[in-house]
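Notes follow the structure.
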Amino acid sequence: MAAFHFRAAAALDLRRREETTAAAALSRAEARFHEAEAERERADAERAAAQADLVTIARRGIDPGVLEWHRNWIVRLAANVGRRRREVDDRARDVRTATTAWHMSRRRRLALERLRDRAWRRYAEAERREENRAMDELARIRFVMTEPERE
């Protein structure tokens with residue numbers, strides 16, 4: 001019997017490469033998301049520290065010009081926090097997109113692997129049947145040859 005050959009082996013290799021590429025893209029998207037999240041947390045902490053400084057300074061009494069500058073600085077920091085939050089949202093959307101792409105490529109690869117496994121089982125079963133047929137034929141020939149001739 002001929003050796004097993006899966007006709008869609010090239011497609012399976014392609015699907016494996018696609019899944020690897022999608023997994024790498026997902027990993028990069030998750031890394032960018034975590035970086036953006038860390039930047040947002042830093043910006044939020046900086047804004048909170050500036051607000052705490054303003055309260056401390058205001059309790060001691062400060063010049064109205066310095067107070068106005070400090071408030072404007074906090075407004076700028078709050079705007080930076082807003083930008084960082086939007087960036088985190090964008091990166092989260094990228095992660096969802098990359099996750100979907102990875103799931104789809106994984107599903108395609110698994111479908112081809114199931115086809116290959118079914119083909120292998122059919123091949124193994126056909127090979128077993130062929131071997132049984134050959135053994136039966138051999139046993140029949142031996143039986144016929146050893147049977148005493150009857151007249």
Side-chain angles (χ1 to χ4, degrees), residues 1-57 69-151:
M1 186 164 202
F4 175 73
H5 176 71
F6 181 55
R7 291 182 193 156
L12 181 58
D13 289 340
L14 176 66
R15 295 295 187 225
R16 284 182 180 141
R17 284 192 303 271
E18 285 176 355
E19 183 182 7
T20 301
T21 302
L26 175 58
S27 178
R28 287 189 302 273
E30 287 175 339
R32 285 191 302 267
F33 170 77
H34 292 301
E35 289 170 7
E37 184 71 17
E39 285 295 320
R40 188 211 40 88
E41 287 174 3
R42 277 194 287 277
D44 206 20
E46 187 178 5
R47 181 186 50 83
Q51 286 175 328
D53 288 347
L54 177 62
V55 169
T56 303
I57 293 170
W69 177 87
H70 216 81
R71 285 183 179 157
N72 287 335
W73 180 46
I74 292 171
V75 167
R76 183 183 59 81
L77 292 174
N80 187 32
V81 169
R83 277 194 309 276
R84 298 296 181 186
R85 282 188 179 141
R86 286 188 297 279
E87 186 177 332
V88 167
D89 291 343
D90 291 345
R91 298 300 150 250
R93 192 175 324 107
D94 293 345
V95 168
R96 286 190 300 272
T97 302
T99 300
T100 300
W102 176 73
H103 280 293
M104 291 301 295
S105 63
R106 183 172 187 273
R107 199 173 297 156
R108 289 183 194 124
R109 177 189 57 86
L110 289 174
L112 281 176
E113 284 183 351
R114 282 191 301 271
L115 287 173
R116 184 200 59 206
D117 292 344
R118 283 186 214 138
W120 169 254
R121 284 192 299 271
R122 283 191 305 268
Y123 171 81
E125 180 62 24
E127 189 175 54
R128 187 189 61 75
R129 279 194 309 267
E130 182 66 31
E131 184 177 318
N132 285 344
R133 247 184 248 121
M135 289 175 68
D136 288 347
E137 181 64 21
L138 181 62
R140 187 188 64 77
I141 291 172
R142 283 185 179 167
F143 179 76
V144 169
M145 291 183 77
T146 58
E147 186 174 279
E149 289 186 22
R150 295 183 187 158
E151 289 186 28

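Heads up: numbering here begins at 1 and tracks the sequence. Here the structure is a predicted model, which means the values were calculated and not measured.
- Note that the CZ atom of R96 and the CZ atom of F33 stand 9.0 Å from one another [nearest 0.5 Å].
- Between E127 and E130, the closest side-chain pair of non-hydrogen atoms is not below 4.5 Å.
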Show your reasoning for whether side-chain hydrogen bond (donor to acceptor under 3.5 Å, both in side chains) applies to R83 and N80. CA-CA 5 Å; R83 277 194 309 276; N80 187 32; 3.2 Å; yes

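- To the nearest 0.5 Å, atoms CZ (R15) and CG (L110) are separated by 12.0 Å.
- Applying the side-chain hydrogen bond (donor to acceptor under 3.5 Å, both in side chains) criterion to R16, with sequence neighbours excluded, gives E113.
- A salt bridge is absent between R114 and D117: the closest approach of a Lys/Arg side-chain nitrogen to an acidic carboxylate oxygen does not fall below 4.0 angstrom.
- Ion pair E37/R40 flagged as a salt bridge, since at least one NZ, NE, NH1 or NH2 atom sits closer than 4.0 Å to an Asp/Glu carboxylate oxygen.
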CA sep, side-chain torsions, deciding dist, call: L115, F6, side-chain contact (heavy atoms from CB on, under 4.5 Å): CA-CA 9 Å; L115 287 173; F6 181 55; 4.2 Å; yes

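- Between L26 atom CG and D94 atom CG the span is 11.0 Å, to the nearest 0.5 Å.
- In summary, R128 and E131 do not engage in a salt bridge, as defined by a charged side-chain N under 4.0 Å from a carboxylate O.
- Looking only at distances, a side-chain donor or acceptor of Y123 sits under 3.5 Å from a matching main-chain atom of A2.
- A distance of 4.5 Å separates NE2 in H70 from CD1 in I57, rounded to the nearest 0.5 Å.
- Taking all atoms of both residues into account, the shortest heavy-atom contact from A22 to W102 is CB-CA, 3.7 Å.
- The pair E125-R122 fails the salt-bridge criterion, with no side-chain N (NZ, NE, NH1 or NH2) lying under 4.0 Å from an Asp/Glu carboxylate O.
- Side chains of Q51 and V55 form no contact here, defined as non-hydrogen atoms less than 4.5 Å apart.
- Residues that satisfy the side-chain hydrogen bond (donor to acceptor under 3.5 Å, both in side chains) test with D44, not counting sequence neighbours, are R47.
- The main-chain N or O of A52 is found under 3.5 Å from a side-chain atom of T56 such that the two form a donor-acceptor pair.
- Interatomic distance, L12 CG to R17 CZ, rounded to the nearest 0.5 Å: 10.0 Å.
- The two residues A29 and A98 make their nearest non-hydrogen contact at CB-CB, 4.2 Å.
- Between the CD atom in E46 and the CG atom in D53 there is a gap of 10.5 Å [rounded to 0.5 Å].
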